[in-house]
Structure formats: structure tokens, C-alpha cells
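Only one structure is covered here, and it is reproduced in the block below.
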Amino acid sequence: MSEQQLYNKDFEHIISEINNTIDSLYLTKNCYDKNKLLNNLRRQIANITMLMQNNRINTDSMIDPKNPTASKVFTPAELATYTGKDGNLAYVAVNGVVYDMTNVAAWGGATHFGLTPGKDLTGVFASCHDGQPILSTLPVVGVMAP
Amino acid sequence: MKNKTNSCPNQSEKLKLISMLANKAIASIKNGSLKKRNLVWLELTGCSGNIISLLDGVNPGFRNLATQMVNIIYDNSLMVADGEAAMEKLFSIADDDYILLVEGAVATKDDGLYNVIGQLNGQPVTAYRAINELGPKASYVIAMGACACDGGVTAAKPNPSHAVSIQSVLNRKVIKLPGCPCHPDWLMGTLSYILLYGQPELDSKDRPTMFYSTLIHDICPRRPFFDQGIFAEKLGDKTCMFKIGCRGPVTPVDCPIRKWNQHVNWPIGDDSPCIGCAQFGFPDRMEPFISYNTTREE
């Protein structure tokens with residue numbers, strides 16, 4: 001699935017969540033439930049904002065899936081130098097796209113649930129985050145060499 | 001200034017919620033509209049950290065629990081009976097109604113012989129046997145602490161006793177209160193709710209949403225430093241500890257509001273990063289707890 005398709009899918013998913021939350025807000029009378037739903041709404045709006053910001057960054061950057069020669073292409077050996085250690089940035093590949101995890105909150109100290117950067121993590125990503133709107137919120141820095 | 005930091009009703013109400021629930025349960029038991037339930041506190045393969053943590057709780061604390069809310073049938077650390085008498089008391093409850101609280105993981109190697117919790121009729125009783133016999137019959141099973149919820153420290157590599165979580169040996173709903181240890185409020189709140197209304201709302205991993213719904217990172221008092229890219233370089237720095245390996249962004253629990261040791265302080269408040277003790281995978285998948293020489297600030 002291309003970046004743009006992912007983006008559209010995640011966008012639609014969050015919009016339908018927001019509509020559900022609004023429907024539930026009409027129905028609930030309990031003030032605690034109402035607060036919880038409003039909390040949800042705020043979180044969903046924050047997700048959409050993040051999605052839109054990253055999409056703008058990714059569209060403006062040099063990545064163009066239709067014209068891969070214009071993108072930065074990584075070999076596995078090159079990717080392996082982006083370890084997040086000793087001042088190196090933290091890059092991770094998923095489904096052939098390379099993401100910059102350097103400033104992604106869930107990668108504190110450039111590690112995440114025992115995983116380290118500089119690798120292709122397609123398999124473990126699918127096993128933990130399948131169906132979650134995550135990839136389209138990450139900054140893209142290039143693609144893996146075919 | 002003080003008013004400003006204390007003004008968010010979401011935070012102050014969350015703190016009040018536990019005593020509200022416990023006081024309601026205590027009042028209902030006093031006026032007879034609610035019955036005292038039996039409670040079995042089973043310690044399996046762990047460090048007794050959860051019972052010590054509970055004894056540190058206040059308003060409501062252990063005294064409220066033991067005298068006003070439940071009949072504690074068995075607790076290896078606190079009960080008067082010992083030896084076979086204690087074991088007989090433990091197994092005598094099996095046909096009655098009881099809530100089972102479990103701390104510690106289950107050692108499974110060699111039929112559980114790595115953890116013998118007592119003797120009955122001259123035979124050793126393993127933790128493995130105790131959970132298998134008492135788990136299925138309990139009206140509720142609550143796993144307290146990292147070990148009971150997910151194996152935790154007991155199941156850390158190389159895991160010589162083949163320790164596993166409670167859920168791995170029980171084919172039933174287990175309410176999970178992860179944390180190393182479990183905060184007394186998380187337990188007292190969950191237990192009070194069960195006494196009053198039954199099972200509380202749980203997330204997809206069976207954790208009560210009233211405590212485990214928001215990431216530490218999202219309510220961290222140091223969040224503004226993260227948003228502005230101002231990061232601590234060493235322990236003791238007063239800014240965001242993301243670069244040295246803080247696990248707040250992957251740990252959904254209310255430590256920033258609730259704090260520890262009778263609501264006094266918490267790791268990040270004392271300039272040390274969150275180590276993700278209340279997230280599944282702790283400790284192996286939360287390591288390293290501290291990382292130096294990581295990425296540059298961008």
C-alpha cells in the first residue's frame with residue numbers, strides 16, 4: 001500500500017471514530033461518560049492534526065513514490081549505520097519505506113520494546129501494530145533498495 | 001501558583017475516586033445492603049512487593065480492607081496460622097464464594113517444584129497446583145503486579161523456573177493490574193468497584209480503564225520540554241528524559257497524577273526516567289532503563 005493510500009485509510013478511520021463519538025455524545029446523560037467521550041474527541045482530533053502535519057512534511061520532502069530515483073535509496077548496510085547511538089539518527093524500515101524514529105516519543109533512548117533501529121522491522125511491526133494508524137504519522141526519509 | 005497546578009478537576013477527581021468508591025462500599029456493608037466477600041491473597045513466585053505496597057496505602061488503606069470490606073481468608077505474609085493449618089484454611093475456601101488476588105508469576109518447570117508454598121497432608125503444595133485449583137473456582141481473579149500479569153521479573157531471561165503469567169495457566173477472565181509493584185490505589189479502587197458493581201470496564205488487555213487509559217507521556221508535567229525538544233542528558237536533569245530512554249510514551253497509567261508513597265512523588269518527579277514497570281514486557285522489553293550516547297538533538 002502506498003503512503004498516500006495509507007494516509008487516506010487512516011484519515012477515513014479517524015473521521016468515522018469522531019462521528020461515532022459525536023453520536024454517543026448525543027445519547028449519554030452521565031457527566032463522567034460525557035467527559036470520557038470529550039476526552040476521546042480531543043485525542044482523535046490530535047491524531048488528525050498529527051496525520052495532516054506529517055503528510056505535509058512527507059509531501060514536501062524529497063520522497064516521491066512515483067519517481068523513486070528522486071528519493072533517497074538505502075541499502076541494508078547503509079540503513080544499519082542509523083543506529084540511534086553515538087549521535088547517529090535512528091532509522092527503521094517497514095514495507096520498503098525508511099522512517100526517521102529519532103524524535104518519535106515511543107522510541108525513548110532509541111529503543112522500543114527491546115527493538116533497536118538500523119533494521120527492517122516489517123515483520124514485528126505487523127505483529128504488534130497491524131491496523132493501527134501509525135505509519136502515516138511517521139516522518140519518511142527514503143526507500144529501501146529493491 | 002499553587003491553585004493553578006491543582007485546578008484541573010480531571011486530576012483531583014481521579015485522586016478522590018478511590019476513597020469515594022471505598023467509602024461507598026464500606027457504608028453499604030455497614031448498613032447491610034452489601035455482603036462482605038471472602039478474599040484469598042495468593043503469593044506465588046515473586047518478591048512480596050505487592051503486599052508491602054498495599055500496606056503503604058492510605059485512605060483507604062489495608063486496615064479498611066481487612067476490617068471493613070472483606071474477610072481475608074488467607075495471606076501468607078500476614079495471617080496468624082502457619083504450616084499445615086494455613087494450607088488447610090486456604091483449600092477449605094474452594095467450595096465457597098471468594099475473590100482471588102494473586103501476586104507473583106507461576107513457576108511451571110518440573111510441575112512447579114521450583115516454588116513450594118506449603119505442605120498439606122505431608123505433601124508439598126506448589127504454587128502451580130494452588131493457582132490451578134483455586135483459580136477456576138474464584139468469582140474474580142485479579143493479577144497484581146508485573147509478575148502475575150505478564151511474568152515480570154520472575155520470568156526475565158533466562159527464566160530458569162519457566163515462570164509464566166497467571167493468564168497463561170488459567171482459561172478464564174483475569175483482571176490485570178500491572179506495575180512493579182501495583183499501586184495500592186489501583187488495587188483498592190478495583191476491589192471496591194467489584195464489591196459495589198462487579199467487573200470494572202477493562203481495556204483490550206484486561207486492565208481497568210479507570211487507571212490504565214492514558215499514557216504517562218500525555219499527562220507528564222515535563223511534556224512541554226518534549227514538545228520543544230529540550231532533553232535531559234543525564235539523571236538529575238529537570239527536563240524531558242526521552243533521550244535517555246524514558247518509557248512514559250509507551251506506558252499507559254496514571255502515575256503522574258497519583259504518585260507514590262502516599263501520593264508524595266514518582267520517578268520522573270525525582271529526575272529518573274519511567275522504566276515502564278506498568279507495561280507488559282517489563283523488564284526485558286523495557287531495557288535498557290538508561291541510555292547514554294543516543295541520538296543528537298534535532
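Every heavy atom of this structure was used, including side-chain atoms; hydrogens, water molecules and symmetry mates were not. Residue numbering restarts at 1 for every chain, and letters A, B, ... go by the order of the sequence lines. For clarity, every value in this text was computed on a predicted model and none was experimentally measured.
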Side-chain H-bond candidate by donor/acceptor type, A:Arg43 with B:Thr214, under 3.5 Å | no
What residue in A:Ala105, A:Ala46, A:Gly84 has the most heavy-atom pairs under 4.5 Å with chain B?
-> A:Ala105
Neighbour count above 12 (heavy atom, 6.0 Å) for B:Asn171 CG = no
Worked verdict on B:Phe231 versus A:Asn103 for side chain to side chain contact (heavy atoms under 4.5 Å, CB included) | CA-CA 11 Å; B:Phe231 299 117; A:Asn103 289 311; 4.2 Å; yes
Qualifying residue, where the test is side chain to side chain contact (heavy atoms under 4.5 Å, CB included) with A:Thr111 and the options are B:Met286, B:Arg247, B:Arg285, B:Glu287 = B:Arg247
Side chain, backbone, both or neither of B:Phe282 within contact of chain A (heavy atoms, under 4.5 Å) = neither
Toward chain A, the part of B:Phe242 with a non-hydrogen atom under 4.5 Å = both
Do A:Lys85 and B:Ser291 pass the side chain to side chain contact (heavy atoms under 4.5 Å, CB included) test, and can you show the C-alpha distance, the side-chain angles, and the key distance before you say yes or no?
-> CA-CA 9 Å; A:Lys85 287 273 163 204; B:Ser291 303; 4.0 Å; yes
